[in-house]
> 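Have a look at the structure that comes next, please.
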Amino acid sequence: MKVATWNVNSVRIRLEQVTQWLQDNPIDVLCLQETKVVNENFPRSSFTDLGYHTYVFGQKSYNGVALVSRSPLSDVSMGFGAILPEATVGDLDEQKRVITGVVDGIRIVNLYVPNGSAIDSDKYIYKLGWLKVLREYLQVLLQQSNSLLMCGDFNIALEDIDIHDPKNRATQVMATDVEREALQNVLSLGLADVFRKFTPEGGNFSWWDYRTGAFRRNAGWRIDHHYTTPDLYERSLSCTIDTTPRKLVQPSDHAPVIIEF
DNA sequence: ATGGCGAGAGGATCTCGA
């Protein structure tokens, strides 16, 4: 089974590229982020025509996540509020960033972690608070399942080798110690970075800024991840970044990352 | 030091992303 995560930066603008990629790659579950479309306007038929089921949690203009699966998913839910009490979640589900479902006994959690904008901004505080609630959310799901895959756009580079140039990273959003600790605190529930099981060296990235020719210079960041429980970590056969779609005209700034079991 | 690019909303030029 193959599961991919891909921040497509608007599913409608990228529809042709995404559906073509699905036809070129035998993916069982595609986890999309930044769909930027309300549920009614999600281009479902383009995926159902290819034999996929779609589960969407969208909003206007910003954010939005979706699961696109060859097999029907069970126990699908949207947002933290489906799992956690209202008092814990607060208004975090106003931004559509969380969707989950089960296939072949694997609980898949698809996330679009807040970017954080700039250090000490309100959005940075929001990001850190969001990650705290994420930990509680996973804690509940892990009580129900020992086989969990958490993937998505985390907007955090966990190690210096995940950044093309880490020298200013202490003051850069996505790379601060505080953000890394917040993510490590989530991973301490028993999740591990599958990409690093197969690829210990740096220079492998999943996002390149549209500006300054970042992709041509491979000046990227690895911020899109697959984290799993130990059984899936053992069962994983590969975890790769497909840079092919990033080379197309009018691409997403992220590349898909694929895990195989 | 700043902006570079791209998308959405709306109908010029903003906000937001990373």
Side-chain angles (χ1 to χ4, degrees), chain A residues 5-18 31-43 46 56-66 91-92 94-98 110-131 134 151-180 182-183 202-225 241 243 245-257:
Chain A
T5 177
W6 194 1
N7 179 325
V8 290
N9 187 15
S10 173
V11 70
R12 288 180 293 181
I13 288 287
R14 224 68 63 197
L15 189 56
E16 181 87 32
Q17 293 183 18
V18 174
C31 302
L32 297 173
Q33 302 92 35
E34 279 210 270
T35 54
K36 294 188 173 180
V37 63
V38 293
N39 294 350
E40 310 86 83
N41 294 337
F42 189 94
S46 298
V56 301
F57 190 38
Q59 74 180 79
K60 194 164 124 179
S61 304
Y62 305 115
N63 312 310
V65 285
D91 62 1
L92 291 183
E94 286 176 13
Q95 299 183 16
K96 312 308 183 195
R97 299 177 175 278
V98 179
N110 174 20
L111 302 175
Y112 177 43
V113 178
N115 166 263
S117 187
I119 294 176
D120 295 331
S121 67
D122 289 346
K123 288 174 187 169
Y124 185 78
I125 305 300
Y126 182 93
K127 181 181 195 174
L128 297 174
W130 195 94
L131 288 165
L134 173 62
C151 65
D153 174 1
F154 285 78
N155 276 317
I156 294 174
L158 207 49
E159 302 176 272
D160 286 355
I161 57 169
D162 296 324
I163 312 172
H164 71 281
D165 180 7
K167 76 170 175 294
N168 294 321
R169 67 115 183 143
T171 57
Q172 280 182 284
V173 72
M174 303 197 292
T176 64
D177 287 335
V178 175
E179 287 165 273
R180 287 180 178 180
L183 180 51
N204 296 282
F205 308 120
S206 64
W207 172 80
W208 302 260
D209 200 310
Y210 282 124
R211 300 165 291 185
T212 67
F215 184 67
R216 287 193 302 275
R217 299 183 287 117
N218 196 28
W221 295 55
R222 194 176 70 91
I223 55 177
D224 301 87
H225 306 295
I241 301 166
T243 57
R246 187 65 180 78
K247 298 169 184 166
L248 298 172
V249 176
Q250 201 181 12
S252 168
D253 42 356
H254 295 253
V257 186

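Scope of the values below: all heavy atoms of this structure, side chains included, with no hydrogens, waters or symmetry mates. Every chain is numbered from 1 and lettered A, B, ... according to where its sequence line falls, protein lines coming before strand lines. Fair warning: this is a prediction, and the values are worked out from it, not measured in the lab.
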> Between A/Asn9 (CG) and B/dA7 (C1'), how many Å, whole number?
6 Å

> Among B/dA18, B/dA9, B/dA7, which nucleotide has an atom closest to any side-chain atom of A/Arg14?
B/dA7

> Quick one: do the A/Asn218 and A/Trp208 side chains pair a donor with an acceptor below 3.5 Å?
yes

> Counting heavy atoms from C-beta on, name the nucleotide in B/dG17, B/dG3, B/dA7 closest to the side chain of A/Tyr112.
B/dG17

> Of the nucleotides B/dG17, B/dG3, B/dA9, which one has an atom closest to the side chain of A/Arg12?
B/dA9

> Between B/dG3, B/dG17, B/dA7, which one does the side chain of A/Ile13 approach most closely?
B/dA7

> Classify A/Phe215 by what it touches in the nucleic acid, base, sugar-phosphate, or nothing, heavy-atom distance under 4.0 Å.
nothing

> Taking the same atom, P, in B/dG10 and in B/dG6, what whole-Å distance lies between them?
23 Å

> Assuming nearest nucleotide by heavy-atom distance, tell me which of A/Arg211 and A/Lys60 is located more 5' along DNA chain B.
A/Arg211

> Mind checking A/Asn63 for me? I need base, sugar-phosphate or nothing, with any heavy atom below 4.0 Å counting as a touch.
nothing

> Nearest to the side chain of A/Tyr210 - B/dG8, B/dG17, B/dG4?
B/dG17

> With heavy atoms under 4.0 Å as the rule, sort A/Glu34 into base, sugar-phosphate or nothing.
sugar-phosphate

> Could you tell me whether A/Asn155 contacts a base, only the sugar-phosphate backbone, or nothing, with contacts defined as non-hydrogen atoms closer than 4.0 Å?
sugar-phosphate

> Please determine, for the side chain of A/Ser10, which listed nucleotide (B/dA7, B/dC16, B/dA18) has the closest atom?
B/dA7

> From C-beta outward on A/Gln250, which listed nucleotide comes closest to its side chain: B/dA9, B/dA18, B/dA7?
B/dA7

